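Values in this document were obtained by computation on a predicted structure and should not be read as measured data. Read the numbers this way: they start at 1 and go in the same order the structure lists the ligands and their atoms.
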Amino acid sequence: MKPAPFDYHAPESVAESVALLDEHGDDAKPLAGGQSLVPMLAMRLTRFEHIVDLNRVDELFGVAVGNGGVRIGAMTRQAVVETDAAVAERVPLLHLASPHIGHFQIRNRGTIGGSVAHADPASEYPAVMLALDGVAEIASASGTREASAAEFFESTFMTAVAPNELLVALRFPSWERPAGFAFDEIARRSGDFALAGAAVGIGTDGQGRINRAAVGMLGVGPTPRRAASVEAALMGLAAADADAAEIGRLAADDMDPVGDVHASAEYRRRAGSTLVGRVLADALAQLRKEAGDG
Ligand SMILES: Cc1cc2nc3c(=O)[nH]c(=O)nc-3n(C[C@H](O)[C@H](O)[C@H](O)COP(=O)(O)OP(=O)(O)OC[C@H]3O[C@@H](n4cnc5c(N)ncnc54)[C@H](O)[C@@H]3O)c2cc1C
């Protein structure tokens with residue numbers, strides 16, 4: 001099928017892009033990698049009078065290190081996030097999550113900003129952003145503002161970015177070391193969207209006690225979810241004593257799964273909480289390795 005006709009705009013700056021979005025409001029839609037938007041237009045699941053192509057806006061591309069973390073431009077391709085050395089070193093969860101996104105052809109075009117702005121609850125980056133308390137930089141014709149990950153994901157495919165706004169960049173904090181990170185998901189076939197997934201980060205103090213825990217989940221609710229019960233149970237524990245399987249089961253309390261043609265809600269809850277335990281065990285093993293006792 002072909003999309004309904006639209007006017008195509010190719011701005012070269014953020015200022016030009018937000019001016020177009022401001023002028024056309026609900027009738028306009030930004031185009032990033034096109035891996036979600038183009039199929040939806042082609043299948044006529046959606047239509048817009050104006051498409052604002054961001055692919056020539058150079059200032060939206062790239063990874064920058066600073067201010068205790070990493071800032072990633074919204075148009076940075078998922079394949080760049082996957083292979084960038086600074087991202088792998090400073091925000092390992094993004095590096096670990098990336099290969100789970102579709103296939104490499106999709107990651108070559110798809111962008112981190114598109115993935116987060118699309119806000120599919122089964123997507124990898126939104127769950128990582130939520131787990132790590134990432135921050136979204138959002139621009140409009142009247143200026144820029146920030147949204148925390150907790151404010152950003154409002155409901156399925158709905159975010160804090162208004163139709164006249166543009167997601168400009170995402171910021172992720174770098175954790176002090178030693179720390180352990182792990183990501184995994186359950187999917188019917190490699191490359192499919194996850195039925196359930198988990199992103200875990202664990203940090204310890206000088207005595208080996210857990211003083212930082214971040215657990216993000218995907219596919220187990222209408223938005224990405226945070227396993228607050230698991231995080232609370234981990235805090236203060238000696239990392240060596242943590243029973244990952246038992247603590248992981250607490251994650252079921254933080255899920256709000258929706259059943260669909262791919263899996264029932266009950267399957268997502270049970271498989272998801274078992275998975276959280278496994279990913280937690282992997283993160284603890286990684287932590288021991290980094291701390292030099294594993
Ligand atoms: C076969 C297949 C398998 C896939 N598997 C996965 C998977 O396992 N996991 C996963 O996460 N994704 C998967 N995807 C989706 C893929 O990751 C997309 O790249 C991603 O969801 C959207 O990124 P994009 O850059 O292509 O954005 P687009 O498709 O161009 O845009 C997506 C939406 O975000 C909006 N948008 C984009 N950029 C901005 C911005 N800067 N500011 C405001 N709004 C913006 C657009 O207007 C649109 O509404 C898959 C896609 C396909 C085709």
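- When only interatomic distances are considered, the shortest N/O to N/O separation between G113 and ligand 1 does not fall below 3.5 Å.
- Closest to atom 49 (O) of ligand 1, if we only count protein heavy atoms, is K29 CE, 3.0 Å.
- Considering backbone and side-chain atoms together, S123 places an N or O closer than 3.5 Å to an N or O of ligand 1.
- Considering only non-hydrogen protein atoms, atom 38 (N) of ligand 1 sits nearest to A32 CB, 3.4 Å.
- The distance criterion of under 3.5 Å between nitrogen or oxygen atoms is not met by V161 with respect to ligand 1.
- The nearest pair of heavy atoms linking H50 to F6 is N-CB, 4.4 Å.
- Nearest to atom 21 (O) of ligand 1 among the protein's heavy atoms is S36 OG, 2.9 Å.
- Polar contact check, L31 against ligand 1: no nitrogen or oxygen pair lies under 3.5 Å apart.
- Residue contacts with ligand 1, taken as heavy atom pairs separated by less than 4.0 Å, involve I106 solely via side-chain atoms from C-beta onward.
- Ring geometry, H100 versus F183: the interplanar angle falls from 30° to 60°, so the pair is classed tilted.
- At least one N/O-N/O distance between T111 and ligand 1 falls below 3.5 Å.
- Taking 4.5 Å as the limit, every side-chain heavy atom of R212 sits out of range of all side-chain heavy atoms of I210.
- Of all the heavy atoms in F152 and I138, the pair that sits closest is CE1-CD1, 4.3 Å.
- Closest to atom 43 (C) of ligand 1 among all protein heavy atoms lies L167 N, 3.6 Å.
- A salt bridge is absent between R269 and D253; no separation between the charged side-chain nitrogens and carboxylate oxygens falls under 4.0 Å.
- The shortest N or O to N or O distance between E124 and ligand 1 is below 3.5 Å.
- Using a cutoff of 4.0 Å between basic side-chain nitrogens and carboxylate oxygens, R77 and E82 are not scored as salt-bridged.
- Taking atom 14 (N) of ligand 1 as the reference point, the nearest protein heavy-atom neighbour is F193 CZ, 3.4 Å.
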query: Passes salt bridge (charged side-chain N to carboxylate O under 4.0 Å, His left out), D260 versus R268? Steps please.
result: CA-CA 10 Å; D260 60 19; R268 286 174 194 268; 2.8 Å; yes
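- Protein heavy atom closest to atom 45 (C) of ligand 1, with residue, atom name and distance, is A117 CB, 3.5 Å.
- The closest non-hydrogen atom to atom 8 (O) of ligand 1, taken over P30, S98, G102, comes from G102.
- For ligand 1, the atoms lying closer than 4.0 Å to a non-hydrogen atom of L166 are 42 (N).
- Polar contact with ligand 1: absent for A74 (N/O pair, distance under 3.5 Å).
- Nearest heavy atom pair, residue G114 against residue A32, reads CA-CB, 4.4 Å.
- Residue-ligand proximity, H100 to ligand 1, at heavy-atom distances under 4.0 Å covers atoms 8 (O).
- Looking only at atom types and distance, the side chain of D254 has a donor-acceptor partner in the side chain of S229 under 3.5 Å away.
- Side-chain atoms of P163 and L21, non-hydrogen and from C-beta on, never get closer than 4.5 Å to each other.
- Taking all atoms of both residues into account, the shortest heavy-atom contact from L275 to D184 is CD2-O, 3.6 Å.
- By the 4.0 Å heavy-atom criterion, M75 is excluded from the residues contacting ligand 1.
- Residue G110 approaches ligand 1 through these ligand atoms, each under 4.0 Å from one of its heavy atoms: 19 (O), 25 (O), 26 (O).
- Between A131 and A214, the shortest heavy-atom contact is O-CB, 3.2 Å.
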- request: For the pair R145 and E165, evaluate salt bridge (charged side-chain N to carboxylate O under 4.0 Å, His left out) and give the outcome as yes or no after the intermediate values.
  value: CA-CA 10 Å; R145 66 183 182 98; E165 292 183 316; 2.8 Å; yes
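- Scanning R77, Q78, Q35 for the heavy atom closest to atom 17 (O) of ligand 1 points to Q78.
- Remark: distances from the non-hydrogen atoms of D192 to ligand 1 include one below 4.0 Å.
- Residues E151 and E154 approach most closely at O-CG, 3.9 Å, considering heavy atoms.
- With respect to atom 24 (P) of ligand 1, the closest heavy atom belonging to the protein is G33 N, 3.5 Å.
- Under 4.0 Å from ligand 1, not a single heavy atom of V168 appears.
- Scanning all protein heavy atoms for the shortest distance to atom 28 (P) of ligand 1 gives G34 N, 3.5 Å.
- Of the listed residues (Y125, F157, F153, F193), just one forms a ring pair (Phe, Tyr, Trp, His ring centres under 6.0 Å) with H118, and that residue is F157.
- A heavy-atom separation below 4.0 Å is found between I101 and ligand 1.
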